[in-house]
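This report refers to the structure that appears directly beneath it.
Every value quoted in this text rests on a predicted model; they were computed, and no experiment measured them.
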Amino acid sequence: MKTVKYLLLGALVVGISAPLMAQDNKSTIDAISKVIKANPAGAKDQVKEVFKKNKKNAEVLAGIGRAYFEAKDTANAKHYANLAIKADKNYGQGYILLGDIEVLNDDGGAAAGWYQQAIYFDPKNPEGYFKYANIYRGRSPEEAVAKLNDLRAQRPDVAVDALAGRILYASNRMEQSLQYYDKVTDKSKLEDVDITNYATEAWMLQKRDKSLEMALYGLSRNPRKAAWNRLAFYNLTDMERTAEALKYADALFNASDSSKFTGFDYTYYGTALKNDKQYEKAIEMFNKAMEENKGNDELVNSNRKALSDLYLAKEDFDKATAYYEEYLNHAPKTTASDMAGLATIYMNLAAKQTGEQQKSSFKKADDVYARLGEKFPANLDFANFMRARINSNLDPETKEGLAKPFYEAIVNSLANKTDRDKADNARLTEAYRYLGYYYLVKNDKAMADGYWKKVLEIDPENETAKQALGIK
């Protein structure tokens with residue numbers, strides 16, 4: 001059992017931890033509690049005097065026990081808890097105090113038993129339900145929530161759904177937690193911790209509108225709370241509402257209390273700045289993210305990829321390529337998509353070049369796709385298709401037929417495939433069109449017409465094929 005967690009979570013239930021006390025009882029308890037807190041061992045005589053006057057007063061007796069408990073004198077705490085129960089078996093705080101003592105002893109089963117006694121004898125007191133649920137939140141969140149639903153029947157005025165959401169959140173059951181938080185129609189009943197939980201799990205579940213709404217509600221309470229500024233900033237960045245995102249980024253970094261910045265904060269800031277085309281400042285943020293994430297290879301490598309994307313947006317292709325190759329070198333498992341990303345950089349570079357430089361970039365892209373096809377046979381059609389297009393760019397007048405072997409490979413792979421999808425048909429049509437044109441250039445009309453007819457088998461309204469065949 002985690003003693004501190006149980007007791008702290010119990011303390012979160014603001015306003016429901018004890019029944020209203022008569023003013024004279026409260027004064028008595030406050031006074032003797034100060035004495036016990038100041039000197040637990042030396043308070044014996046004064047406690048005895050209070051006891052003589054309150055032998056039948058369960059509230060005062062439980063208050064004395066609670067004071068000893070807070071002073072870490074569990075023997076006297078237990079003694080006065082039992083006296084409180086003897087004075088009034090229906091006063092739940094005696095049982096709750098005995099349960100708290102068992103939590104300190106790391107005996108969750110015994111603690112749950114005392115909390116169950118508190119519920120039985122004092123069913124209107126929410127504290128017993130919550131502490132029982134808190135005991136079971138790890139081992140059986142369902143039982144914990146069921147106990148809170150019992151409380152709903154007794155005390156419909158208590159924000160049971162928020163407590164259930166909190167317990168399920170602590171058990172990492174975010175979908176269920178969100179469902180309970182969604183039932184809370186009066187947001188004013190949510191504690192700050194619930195607002196943070198609600199907004200966080202909604203963001204993690206990609207329910208961004210809901211997460212943003214809750215974060216903004218929290219900021220209406222406290223505009224300087226870092227967690228809520230962070231969640232508003234993250235959501236708005238994900239939603240590509242860049243101007244608003246930067247507003248909350250500024251609030252997080254410059255106008256929040258007690259904020260410790262994370263690698264994710266810098267990554268998101270860099271992303272928002274990139275979207276706003278503030279490239280130099282974005283580079284600064286991604287470099288800070290790499291520094292903050294030092295020691296986490298996965299996150300550092302993700303930042304390398306982000307920097308590559310950023311330099312690509314800047315059209316600084318040398319640095320984009322360098323960071324991307326570094327990203328690939330550090331990736332624990334390279335995917336076909338990863339390799340295609342490098343080829344895309346070379347193709348974007350080629351689009352900005354002419355002459356021999358352009359040819360060199362196209363050839364580098366072609367080499368990447370060649371390796372992709374070898375390493376990932378399931379993606380061979382894609383690799384051949386991209387190599388065909390690249391080689392078409394290297395041979396724009398189709399004099400050398402550089403793209404021919406790749407388009408022929410596509411035909412061989414897809415022509416007899418019985419379950420072709422739209423992507424397959426698009427690739428096959430393009431291959432037939434190229435081959436039709438290739439043989440037209442070579443003055444082999446029979447071969448050319450054969451390919452143009454195959455185009456019409458897939459796309460009967462294709463105008464280029466109709467013109468090539470003289471069909472009006």
Between atom [atom1] of [X] and atom [atom2] of [Y], what is the distance when rounded to the nearest 0.5 Å?
{"X": "Phe286", "Y": "Asn303", "atom1": "CZ", "atom2": "CG", "result": "7.0 Å"}
{"X": "Leu231", "Y": "Ile195", "atom1": "CG", "atom2": "CD1", "result": "11.5 Å"}
{"X": "Tyr136", "Y": "Ile167", "atom1": "OH", "atom2": "CD1", "result": "13.0 Å"}
{"X": "Thr242", "Y": "Leu246", "atom1": "OG1", "atom2": "CG", "result": "6.5 Å"}
{"X": "Phe261", "Y": "Tyr269", "atom1": "CZ", "atom2": "OH", "result": "9.5 Å"}
{"X": "Asp421", "Y": "Asp419", "atom1": "CG", "atom2": "CG", "result": "8.0 Å"}

Can you tell if the side chain of [X] reaches within under 4.5 Å of the side chain of [Y], non-hydrogen atoms only?
{"X": "Phe362", "Y": "Arg389", "answer": "no"}
{"X": "Tyr115", "Y": "Asp100", "answer": "yes"}
{"X": "Phe69", "Y": "Leu104", "answer": "yes"}
{"X": "Tyr311", "Y": "Thr321", "answer": "no"}
{"X": "Ser308", "Y": "Ile345", "answer": "yes"}

Exercise: identify the closest heavy-atom pair between [X] and [Y]:
{"X": "Asp366", "Y": "Arg387", "result": "OD1-NE, 2.8 Å"}
{"X": "Lys274", "Y": "Ala282", "result": "N-CB, 3.7 Å"}
{"X": "Leu219", "Y": "Lys225", "result": "CD2-O, 4.1 Å"}
{"X": "Ala202", "Y": "Leu178", "result": "CB-CD1, 4.1 Å"}
{"X": "Thr262", "Y": "Glu292", "result": "C-CG, 3.7 Å"}
{"X": "Ala162", "Y": "Val184", "result": "N-CG2, 3.7 Å"}

Q.
Evaluate Val60 against Ile64 for side chain to side chain contact (heavy atoms under 4.5 Å, CB included), listing each step before the verdict.
A. CA-CA 6 Å; Val60 171; Ile64 295 171; 4.2 Å; yes
Taking everything shown except [X] itself, do over 12 heavy atoms lie less than 6.0 Å from its [atom1]?
{"X": "Lys247", "atom1": "NZ", "result": "no"}
{"X": "Met239", "atom1": "CE", "result": "yes"}
{"X": "Lys417", "atom1": "NZ", "result": "yes"}
{"X": "Glu325", "atom1": "CD", "result": "yes"}

Q: Can you spot which of Gln176, Arg173, Lys147 makes a side chain to side chain donor-acceptor pair (under 3.5 Å) with Glu142?
A: Arg173
Do [Y] and [X] meet the salt-bridge criterion of a basic N to acidic O distance under 4.0 Å?
{"X": "Glu127", "Y": "Lys131", "result": "yes"}
{"X": "Asp367", "Y": "Arg371", "result": "yes"}
{"X": "Asp182", "Y": "Lys210", "result": "yes"}
{"X": "Lys52", "Y": "Glu49", "result": "yes"}
{"X": "Glu284", "Y": "Lys281", "result": "no"}
{"X": "Asp161", "Y": "Arg152", "result": "yes"}
{"X": "Asp381", "Y": "Arg427", "result": "no"}
{"X": "Glu280", "Y": "Lys314", "result": "yes"}
{"X": "Asp265", "Y": "Lys288", "result": "no"}

Q. With ring centroids as reference points, do Phe382 and Phe385 lie under 6.0 angstrom apart?
A. no
Q) Mind checking whether Phe317 and Tyr324 have ring centres under 6.0 Å apart? A) no
Can you check whether [Y]'s main-chain N or O pairs, donor with acceptor, with [X]'s side chain at less than 3.5 Å?
{"X": "Tyr132", "Y": "Leu148", "value": "no"}
{"X": "Asp276", "Y": "Ala272", "value": "no"}
{"X": "Asn54", "Y": "Val50", "value": "yes"}
{"X": "Asp194", "Y": "Glu191", "value": "yes"}
{"X": "Thr271", "Y": "Thr267", "value": "yes"}
{"X": "Asp257", "Y": "Ala226", "value": "no"}
{"X": "Arg304", "Y": "Tyr323", "value": "no"}
{"X": "Thr28", "Y": "Asp24", "value": "yes"}

Q. Checking side-chain hydrogen bond (donor to acceptor under 3.5 Å, both in side chains) for the pair Asn149/Tyr129: CA distance, chi angles, key distance, verdict?
A. CA-CA 9 Å; Asn149 281 324; Tyr129 296 89; over 6 Å; no
Could you check whether [X] makes a cation-pi contact with [Y], meaning its NZ or CZ is under 6.0 Å from the centre of the six-membered ring and within 45° of the ring axis?
{"X": "Arg230", "Y": "Phe233", "value": "no"}
{"X": "Lys183", "Y": "Tyr180", "value": "yes"}
{"X": "Arg166", "Y": "Tyr169", "value": "no"}

Using atom types as modelled, flag every donor-acceptor pair under 3.5 Å from a side chain in residues 32-42 to any protein atom, sequence neighbours excluded.
unit_1: Ser33; atom_1: OG; unit_2: Ile29; atom_2: O; d: 2.7
unit_1: Asn39; atom_1: OD1; unit_2: Gly42; atom_2: N; d: 3.2

Extract all donor-acceptor atom pairs below 3.5 Å that involve side chains of residues 74-88 and protein atoms in other chains or at least two apart in sequence.
unit_1: Asn76; atom_1: ND2; unit_2: Asp73; atom_2: OD2; d: 2.9
unit_1: Asn82; atom_1: ND2; unit_2: Lys78; atom_2: O; d: 3.2
unit_1: Asp88; atom_1: OD1; unit_2: Asn90; atom_2: N; d: 3.0

Q: Start with the C-alpha gap between Ser360 and Tyr346, add the side-chain angles, then the distance that decides, and say whether side chain to side chain contact (heavy atoms under 4.5 Å, CB included) holds.
A: CA-CA 9 Å; Ser360 175; Tyr346 286 127; over 6 Å; no
Q) Does the pair Glu291 and Lys294 meet the rule for a salt bridge (Lys or Arg N to Asp or Glu O under 4.0 Å), with working shown? A) CA-CA 5 Å; Glu291 181 66 27; Lys294 190 178 293 182; 3.1 Å; yes
Q.
Is a donor from one side chain sitting under 3.5 angstrom from an acceptor on the other, for Asp338 and Tyr327?
A. yes
Q.
If we check ring-ring contact (aromatic ring centres under 6.0 Å, His included) with Tyr234, which of these qualifies: Phe264, Trp228, Tyr268?
A. Tyr268
Q. Going through the distances and angles, do Arg241 and Arg208 end up as a side chain to side chain contact (heavy atoms under 4.5 Å, CB included)?
A. CA-CA 12 Å; Arg241 290 163 58 177; Arg208 296 188 178 92; over 6 Å; no
Q: Evaluate side chain to side chain contact (heavy atoms under 4.5 Å, CB included) for Glu326 paired with Leu328, printing each intermediate quantity in order.
A: CA-CA 5 Å; Glu326 196 174 352; Leu328 289 179; over 6 Å; no
